[in-house]
> 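One structure is given below, represented as C-alpha cells, and several questions about it will come after.
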Amino acid sequence: MKKMALFGGTFDPIHRGHISMALRLADELGLDEVVLMPTFVPPHKIKHSMADAEHRLAMCRVAAAPHPFLSVSDMEITRGGASFTVDTLTALTAQYPDAEWYLVTGADMFCTLRSWYRFDDIAKMATLCTVPRDGTDVQALKTYAEELTAQGVRCYVADEPVEPISSTEIRDKLAAGESTDEWLPDGVADYIQAYGLYTVVADARDSDEQYKEIIRRRLGDYRYHHSLCVADEAKRLALRYGADEKKAYTAGLLHDIMKDTDRKSQLQILTDFGILLDEVEQQVDKLWHAKVGAAFLEHILQVKDRALLDAVRYHTTGRAGMSLLEKIVFVADFTSADRRYPDVDDVRRLSDISLEETMIYTIDYTIRDLLGRGQSIHPDTLAAYNERILERQTGGQRDE
Ligand code: ATP
Ligand code: MG
C-alpha cells in the first residue's frame, strides 16, 4: 500500500526546514509521497509583504522538482476561502483510496490538533506526525502524542529537530536586503529575486488585487470580465452621486462572486451558514448567487462591511429602502461597458442624469422581461418598484 502524506503550510516562502521535515519523515516512516499543500490565505489575513498565492505555489513547485517523492497540490488555493484540513484529507483520500495517509504538522501546530475542526475524523483518516521545532519541548510533544495514542489516535514524533529556519525570518531578512540563499531550496532564491518578492513596501498592494485573484479563479472569462466592468462602472456612479468610490469598486468586483458556482455548492454554503431561501428563491435558482455571494463574503472571506455585503445581497432583486451603494451596484450591473442590449446607450445616458430614474427603468425592464417569460417576480423587486412609483406620484425627488 502506498504511504502518502499531506503537508500543509503557508509556505511564504517554502524553505529548507520544510524540505528537511518532509525528507526526514519520508525516511523514518517510509513514505512514498509527500504532498505539499500551500494554504489559501483569506484577504483580511494577507499581510502587505506576503507573496501572491500563485508565487507561493510556484516556489513549492521549484523546491519539489529535484525530489521525486515530493509533489505539490493547488487544491486549497484553487478552492479559495478557508479550507479545513478535514475537507482536504477527505478529498485526497477519495482521490487515492488505496493509500495510507499521514498528516505532517510542525511542532507548533501539532499541539493544537485536538482543537481542529472535526479532529476525530482527521484522526481516523491519517497518522498525525510532527518534527520538533527549534525551541519546542520534545518531551511536551511526546506527552501530547502519548495522550493521543491513549485515545486510539495514530501518531508519530520525530526525535531531532531540523534546521531552525522560519519563513518569517526569511521575509524579514529579505525586506532588510539581506541574503537568505542558504536557507532556501535550490532555485527558490532565484525565483524570489526574479519576481522581486518580499521587498514590496507596505501600501503597494491592496485588497482589490486579492479579490481579483479570487474571482478570477471562481468565474469564467465572461463573468470575470463583466465583474471588472461593473466595478469600473460602480466607481464612476459613486463619483457622480457622491458615494465611496473605493467601496463601490470593491462591491462591483464581488457582486457576482458565486454566479459561476454550481447549484450543489451554493446549496452547501446556504446550509453551512443556516441561510434559508424564500418561496420565490426556491423556484428560481438564478437568484441564489446574490444571497450565497453575500454569505461567502461574510463567512469565508471575512468581509465585515454590512453596506458592501448588502450591495451584493440585493444586486439582483433590489428591495425597498435601498442604500446609495446598493442602488449603484444594481444600476452598474445594467450599464457596465460590457452590456449589450438595444437601449443600453439610453440607459447609460439616463444613469448620468438620475440614478432614481435609472432604477425605475431597469426594474421596469426586469419585471417586463420576467412577465414575458412567465417567471415569478421576487417580492423585493416589486417592493423596490412600488416604492419608486409612489415617490414619483407624490413628487418626491430622491436622487442623492
Ligand atoms: P511563518 O514564519 O510564516 O509562520 P513557517 O516557517 O512556520 O512560516 P509555515 O508555512 O507556517 O512556515 O510551515 C508549515 C508547517 O511547517 C508548520 O506546521 C510549521 O510549524 C512547520 N515548520 C516550518 N519550519 C519548520 C522548522 N524549521 N522545523 C520544524 N517545523 C517547521
Ligand atoms: Mg508558521
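Because only heavy atoms are used, hydrogens play no part in the values below, and waters and symmetry mates are left out as well, while side chains stay in. Counting starts at 1 for both ligands and their atoms, in listed order.
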> Just to check, does Gly8 reach to within less than 4.0 Å of ligand 1 when the distance is taken from its heavy atoms?
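Within the 4.0 Å threshold, so yes.
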> Against heavy atoms of Arg171, which atoms of ligand 1 measure under 4.0 Å?
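So the atoms of ligand 1 that pass are 3 (O).
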> Between Tyr365 and Tyr361, is the ring centre distance below 6.0 Å?
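Ring centres of Tyr361 and Tyr365 not closer than 6.0 Å.
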> State whether a side-chain donor-acceptor pair under 3.5 Å links Arg236 with Ser351.
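Yes, a side-chain donor-acceptor pair sits under 3.5 Å.
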> Mind checking whether His255 and His289 have ring centres under 6.0 Å apart?
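No.
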> Does NZ or CZ of Arg217 lie under 6.0 Å from the centre of the six-membered ring of Phe40, at an angle within 45° of the ring axis?
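No, Arg217 does not lie over the aromatic ring of Phe40.
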> Are Phe330 and His315 an aromatic pair by the rule of ring centers under 6.0 Å?
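No, too far apart.
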> Which residue owns the protein heavy atom closest to atom 31 (C) of ligand 1, what's the atom, and how far is it?
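Looking only at protein heavy atoms, the one closest to atom 31 (C) of ligand 1 is Met21 SD, 3.3 Å.
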> If the cut-off is 4.0 Å to any non-hydrogen atom of Phe11, which atoms of ligand 1 fall inside it?
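The atoms of ligand 1 under 4.0 Å from a heavy atom of Phe11 are 10 (O).
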> Is there a nitrogen or oxygen of Ser167 sitting under 3.5 Å from a nitrogen or oxygen of ligand 1?
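Yes; at least one N/O pair falls below 3.5 Å.
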> How far is atom 9 (P) of ligand 1 from its nearest protein heavy atom, and which residue and atom is that?
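Nearest protein contact, heavy atoms only, for atom 9 (P) of ligand 1 is His18 NE2, 3.5 Å.
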> Give the residue and atom name of whichever protein heavy atom lies nearest to atom 20 (O) of ligand 1, and the separation in Å to one decimal.
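Of the protein heavy atoms, Asp108 OD1, 2.3 Å lies nearest.
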> Decide salt bridge (charged side-chain N to carboxylate O under 4.0 Å, His left out) for Arg388 and Glu391; before the verdict, give the C-alpha distance in whole Å, the side-chain angles of both, and the deciding distance to 0.1 Å.
CA-CA 5 Å; Arg388 288 184 166 71; Glu391 292 266 352; over 6 Å; no
> Backbone or side chain, does any N or O of Thr105 fall under 3.5 Å from an N or O of ligand 1?
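No, since none of the N or O atoms of Thr105 sits under 3.5 Å from an N or O of ligand 1.
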> May I ask whether Glu169 has any heavy atom positioned less than 4.0 angstrom from an atom of ligand 1?
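Distance cut 4.0 Å: Glu169 fails for ligand 1.
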> Going by the order shown, which atoms of ligand 1 are within less than 4.0 Å of some heavy atom of Gly9?
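So the atoms of ligand 1 that pass are 10 (O), 14 (C).
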> Run the numbers for me: atoms of ligand 1, each under 4.0 Å from some heavy atom of Phe7, listed by number.
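So the atoms of ligand 1 that pass are 15 (C), 16 (O).
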> Does the Lys NZ or Arg CZ of Arg216 fall within the cation-pi geometry relative to Tyr224 - under 6.0 Å from the ring centre and within 45° of the axis?
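Pair Arg216/Tyr224 counts as cation-pi.
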> Side-chain donor-acceptor pair under 3.5 Å between Ser20 and Arg16, yes or no?
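The criterion, which ignores hydrogens and geometry beyond distance, is not satisfied for Arg16 and Ser20.
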> Would you mind finding which of Thr168, Thr10, Thr130, Thr39 brings a heavy atom closest to atom 1 (P) of ligand 1?
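Residue with the shortest heavy-atom distance to the ligand atom: Thr168.
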> Between Arg56, Arg133, Met109, which one has a non-hydrogen atom sitting closest to atom 22 (N) of ligand 1?
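Of the listed residues, Arg133 has the closest heavy atom.
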> So which heavy atom in the protein is nearest atom 17 (C) of ligand 1, and how far is it from that ligand atom?
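Going atom by atom, the protein heavy atom closest to atom 17 (C) of ligand 1 ends up being Gly106 N, 3.9 Å.
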> Looking only at non-hydrogen atoms, find the nearest pair between Ile377 and Leu371 and report the distance.
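In terms of heavy atoms, the two residues are closest at CD1-CD2, 3.9 Å.
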